[in-house]
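Data block below; observations after.
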Amino acid sequence: MIKLKIPYKDPDLHLKAGDLVELTGTIYCGRDMVLPHVVEYAEKGTLQDYGVNLEGAVIFHTAVSCAGIAPTTSSKPEIEGSIVPLSRHGAKFHLGKGLISQETIEAMKREGSYFLITPPVAALLTAQMSECRCVIHPEFGMEGFYAIEVKDFPAIVAVADGETIFAK
């Protein structure tokens, strides 16, 4: 198990598809409704107005509710469309579920970012969360952009250096 402190600052990270990791630190959470807004703010350079710094960050493709957290499908156009621009603006990891396109995989390789998937157990993931706050668009409710604090949050590297565990 590879333990990673988030935000991740070591430029020499070399994960391989299939590696098991545990994340500790702040993870940003958002899905279909909010991620296009986050990309827009990153492009405008205004994320810092919300206290968001993407350098070495994790973007978890999930809503946050009193029922907990669990990944949503990362290949939805609004979500997958956020992966490369947010990587370009410093996000190191994208956490979700399902397949992403070969085009996104190749672009992530160029940007040096990773796609992680979680074990499909919402209760396990929620148990690793200690704090939660909405940082962008609280009016979207559970679809807003959240920052959560986690400890030993499990994930699997699904895409690294142009390779994927989903390849046939």
Side-chain angles (χ1 to χ4, degrees), residues 3-13 15 21-98 100-101 103-118 122 125-126 128-153 155 158-159:
K3 295 188 176 273
L4 301 174
K5 174 81 173 103
I6 304 301
Y8 193 80
K9 303 210 185 283
D10 184 352
D12 295 323
L13 180 63
L15 296 174
V21 299
E22 285 184 343
L23 310 172
T24 299
T26 300
I27 293 178
Y28 295 111
C29 302
R31 48 179 287 164
D32 332 31
M33 185 180 281
V34 78
L35 286 175
H37 295 280
V38 175
V39 169
E40 177 185 342
Y41 302 149
E43 297 289 333
K44 288 181 179 177
T46 59
L47 276 178
Q48 68 276 6
D49 296 348
Y50 300 94
V52 173
N53 181 352
L54 291 182
E55 280 304 314
V58 174
I59 308 293
F60 187 8
H61 306 148
T62 186
V64 177
S65 74
C66 59
I69 56 174
T72 193
T73 304
S74 298
S75 62
K76 295 176 186 176
E78 301 85 356
I79 295 175
E80 188 166 355
S82 76
I83 293 174
V84 175
L86 294 179
S87 294
R88 196 175 313 120
H89 286 282
K92 189 73 170 172
F93 306 97
H94 301 271
L95 182 60
K97 72 176 185 181
I100 57 175
S101 72
E103 178 182 347
T104 299
I105 290 169
E106 291 167 8
M108 290 181 74
K109 180 179 180 179
R110 286 191 301 274
E111 297 299 333
S113 62
Y114 297 88
F115 178 58
L116 310 175
I117 58 175
T118 61
L125 301 179
T126 303
Q128 304 312 109
M129 183 173 74
S130 63
E131 290 182 37
C132 170
R133 68 186 184 290
C134 189
V135 293
I136 300 175
H137 286 297
E139 70 275 16
F140 291 176
M142 67 184 214
E143 295 268 342
F145 194 63
Y146 284 78
I148 63 173
E149 296 297 321
V150 299
K151 184 172 190 291
D152 299 333
F153 194 89
V159 171

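In this chain, residues are counted from 1 in sequence order.
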All heavy atoms of F60 vs all of A70, minimum pair found to be CZ-C, 4.2 Å
May I ask you to decide if the ring planes of F140 and H137 are parallel, tilted or perpendicular, using 30° and 60° as cut-offs? parallel
I want to check something: taking the side chain as every heavy atom from C-beta on, are V34 and E143 in contact at a cut-off of under 4.5 Å? no
Ignoring hydrogens and geometry, is there a side-chain-to-backbone donor-acceptor pair from Q128 to K151 under 3.5 Å? yes
Can you tell if the side chain of T104 reaches within under 4.5 Å of the side chain of V159, non-hydrogen atoms only? no
Validation row: I105, I100 side chains within 4.5 angstrom (heavy atoms): yes
When you measure from the side chain of K76 to the backbone N and O of G81, does any donor-acceptor pair fall under 3.5 Å? no
Less than 6.0 Å separating the ring centroids of F145 and Y50? no
Working to the nearest 0.5 angstrom, can you tell me the gap between I136 CD1 and Y41 OH? 6.5 Å
Does the plane of the ring in Y114 sit parallel, tilted or perpendicular to the ring in F93? Use 30° and 60° as the thresholds. parallel
Taking the side chain as every heavy atom from C-beta outward, state whether L47 and H89 have any pair of such atoms under 4.5 Å apart. no
Stepwise side chain to side chain contact (heavy atoms under 4.5 Å, CB included) check, K92 with D10: CA-CA 11 Å; K92 189 73 170 172; D10 184 352; over 6 Å; no
To the nearest 0.5 Å, atom CE of M142 lies from atom SG of C134 at 12.5 Å
Between A91 and S113 the two heavy atoms that sit nearest each other are O-CB, 3.8 Å
Search all heavy atoms of F115 against all heavy atoms of K97 and return the closest pair with its distance. CZ-N, 4.1 Å
Are the side chains of V38 and V52 in contact, using a 4.5 Å heavy-atom criterion? no
Do the side chains of H94 and S74 get nearer than 4.5 Å, heavy atoms only? no
Might you point out which heavy atoms bring G30 and L35 nearest each other, and give the distance in Å? O-CD1, 3.6 Å
Does any part of the side chain of P85, heavy atoms only, come nearer than 4.5 Å to the side chain of E43, both counted from C-beta? yes
To the nearest 0.5 Å, tell me how far I148 CD1 sits from E131 CD. 11.0 Å
Assess whether side chain to side chain contact (heavy atoms under 4.5 Å, CB included) is satisfied between H61 and E80, documenting all intermediate values. CA-CA 10 Å; H61 306 148; E80 188 166 355; over 6 Å; no
Begin with the C-alpha distance, continue with both residues' side-chain angles, and end with the deciding distance and a verdict on side chain to side chain contact (heavy atoms under 4.5 Å, CB included) for K3 and T24. CA-CA 8 Å; K3 295 188 176 273; T24 299; over 6 Å; no
Any V150 side-chain heavy atom under 4.5 Å of V58 side chain: no
Of all the heavy-atom pairs spanning Y146 and G141, show the shortest one and how long it is. OH-O, 3.0 Å
Taking everything shown except E139 itself, do over 12 heavy atoms lie less than 6.0 Å from its CD? yes
Report the distance from atom CD of E149 to atom CZ of R133, rounding to the nearest 0.5 Å. 6.0 Å
Could you tell me the separation between the CZ atom of R88 and the CG atom of L54, rounded to the nearest 0.5 Å? 12.5 Å
Shortest non-hydrogen contact from E78 to D32? CB-O, 3.5 Å
